[in-house]
Protein chains: 2
Amino acid sequence: MLTIGDVARASGLPTKTVRYYADIGLVKPDARSQSGYRLYSDIELRKLIFVRRARAFGFSVEACRELLDLYQDRDRPSRDVKKLAMQRIAEIERKMRELELLHRELSHLAESCHGDDRPDCPILSSFAEDGAVPEISEK
Amino acid sequence: MLTIGDVARASGLPTKTVRYYADIGLVKPDARSQSGYRLYSDIELRKLIFVRRARAFGFSVEACRELLDLYQDRDRPSRDVKKLAMQRIAEIERKMRELELLHRELSHLAESCHGDDRPDCPILSSFAEDGAVPEISEK
DNA sequence: CTTGACCTTCCAGTAGCTGGAAGGATTTAC
DNA sequence: GTAAATCCTTCCAGCTACTGGAAGGTCAAG
């Protein structure tokens with residue numbers, strides 16, 4: 001059995017995060033030592049690694065919970081996994097569109113700003129006077 | 001003088017948000033009525049509108065504070081404004097690159113997943129077995 | 001005079017951790 | 001054998017930028 005520090009090192013997650021995942025019931029230790037130390041098996045370590053990778057793809061902790069369930073279900077339909085992935089992809093695409101819009105508009109403003117000692121600036125003017133502004137939800 | 005509801009309507013910000021901006025000292029009311037109501041002048045209303053637009057471009061509240069200072073400084077060098085804008089643009093570009101990477105990798109995985117009744121799934125396999133995973137900071 | 005629409009403050013919660021304090025357990029060095 | 005270093009525990013607070021809700025005061029209209 002591994003202590004929290006062991007699985008933290010092995011999974012690449014901070015100890016604090018492993019403890020946090022235990023607290024929220026995402027990946028719970030198999031047992032506690034007599035002195036109360038969290039003890040993890042290789043299986044739980046594997047789950048922690050799994051979660052780190054899913055999180056690296058931007059899946060929310062709740063989505064990770066579902067993915068872990070699927071991961072552990074030998075009879076899962078791959079359809080269910082793909083659905084989660086497609087949702088995440090749609091989310092990514094939405095954010096990319098938002099950022100592209102912001103980038104276009106802000107670059108335009110910045111380009112037309114002299115960026116010297118003079119006080120007149122189209123960026124400030126735009127914030128102060130314009131009507132149209134990018135629509136964002138930034139989640 | 002305008003009440004908080006008035007400036008909320010006029011600025012397009014929720015009342016709660018206007019109150020929050022007052023709490024954190026971003027845009028403070030000019031005065032309080034005898035009964036304690038926040039009272040705003042046209043100048044403060046203009047600042048609220050300014051902040052809403054700057055926020056719509058993704059500037060943090062702290063950046064908005066700096067932008068507001070510049071907005072109010074008649075002797076500002078436009079250089080300073082442009083600098084903030086360029087920083088924001090760099091941030092946007094970083095996020096875009098991150099999202100593009102995620103999109104590429106996750107799309108690749110999703111494409112190679114059957115998405116049917118069968119349990120084998122390259123997405124799960126990737127999370128469980130792979131080594132390489134996208135590097136993210138997602139801020 | 002009462003109803004309803006406003007306003008106030010304060011507390012809690014969102015996501016996903018992260019930092020730190022206070023204190024017990026275990027291991028290593030000497 | 002013991003002292004120091006390193007680990008572990010719990011709990012509380014804080015980060016961003018709000019948002020929701022409760023309890024209660026205020027104001028204009030009918």
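Computed from a predicted model, the values in this text were never measured in an experiment.
- Residue A:Tyr21 has no polar side-chain atom (N or O) positioned under 4.0 Å from OP1 or OP2 of C:dG16.
- Atom-to-atom, CZ of B:Arg9 to P of C:dC7 comes out at 7 Å; the value is rounded to the nearest Å.
- Rounding to whole angstrom units, CG of residue A:Asp23 and C1' of D:dC12 are separated by 13 Å.
- Along DNA chain D, the nucleotide nearest to B:Tyr20 and the one nearest to A:Tyr37 differ in position, and the one closer to the 5' end is contacted by A:Tyr37.
- Below the 3.5 angstrom threshold, one finds a donor paired with an acceptor across the side chain of A:Lys16 and the base of C:dG20.
- Residue A:Ser60 is in sugar-phosphate contact alone, with no base atom involved, counting any heavy-atom pair closer than 4.0 Å across all strands shown.
- Environment of CZ in B:Arg19: crowded, with over 12 heavy atoms of neighbouring residues, nucleotides or ligands closer than 6.0 Å.
- Through chains of ILVMFWY side-chain contacts below 4.5 Å, A:Met1 is grouped with A:Leu39.
- The separation between A:Arg65 atom CZ and C:dA15 atom C1' is 12 Å, rounded to whole Å.
- As rounded to whole Å, 6 Å separates atom P of D:dT9 from atom CZ of A:Arg32.
- Of the candidate nucleotides D:dC8, C:dT18, D:dT19, D:dT19 has the atom nearest to the side chain of B:Thr17.
- Between D:dC18 and B:Arg55, a contact under 4.0 Å exists linking OP1 or OP2 to a side-chain N or O.
- For B:Val61, whose side chain is taken as the heavy atoms from C-beta onward, the closest listed nucleotide among C:dT8, D:dA17, D:dT9 is D:dA17.
- Here the C1' atom of nucleotide C:dC17 and the CG atom of A:Leu26 are 13 Å apart, to the nearest Å.
- Residue contacts for B:Ile24: at a heavy-atom cut-off of 4.0 Å it reaches no nucleic acid atom on any strand shown.
- Taking atom CD of A:Glu62 as the reference point, atom P of C:dC17 lies 12 Å away to the nearest angstrom.
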Report the C-alpha separation of B:Arg118 and B:Asp116 in whole Å, then their side-chain angles, then the decisive distance to 0.1 Å, and conclude whether the salt bridge (Lys or Arg N to Asp or Glu O under 4.0 Å) test is met.
CA-CA 6 Å; B:Arg118 288 171 291 176; B:Asp116 56 18; 2.6 Å; yes
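- An OP1 or OP2 oxygen of D:dT9 is reached within less than 4.0 angstrom by a side-chain nitrogen or oxygen of A:Arg19.
- The nearest whole Å value for the distance from the CD1 atom in A:Ile4 to the C1' atom in D:dC7 is 11 Å.
- Partner of A:Glu66 under the side-chain contact (heavy atoms from CB on, under 4.5 Å) criterion, chosen from A:Asp80, A:Leu84, A:Val81: A:Leu84.
- The side chain of B:Arg38 contributes no N or O atom lying less than 4.0 Å from OP1 or OP2 of D:dT26.
- Taking the side chain as every heavy atom from C-beta outward, B:Tyr40 and B:Lys47 never approach each other to under 4.5 Å.
- The residue among A:Pro14 and B:Gly36 whose nearest nucleotide of DNA chain C is located toward the 5' end is B:Gly36.
- Spacing between atom CG of A:Asp6 and atom P of D:dC8 amounts to 7 Å, rounded to whole angstrom units.
- Counting non-hydrogen atoms under 4.0 angstrom, A:Thr3 reaches the backbone sugars and phosphates but no base.
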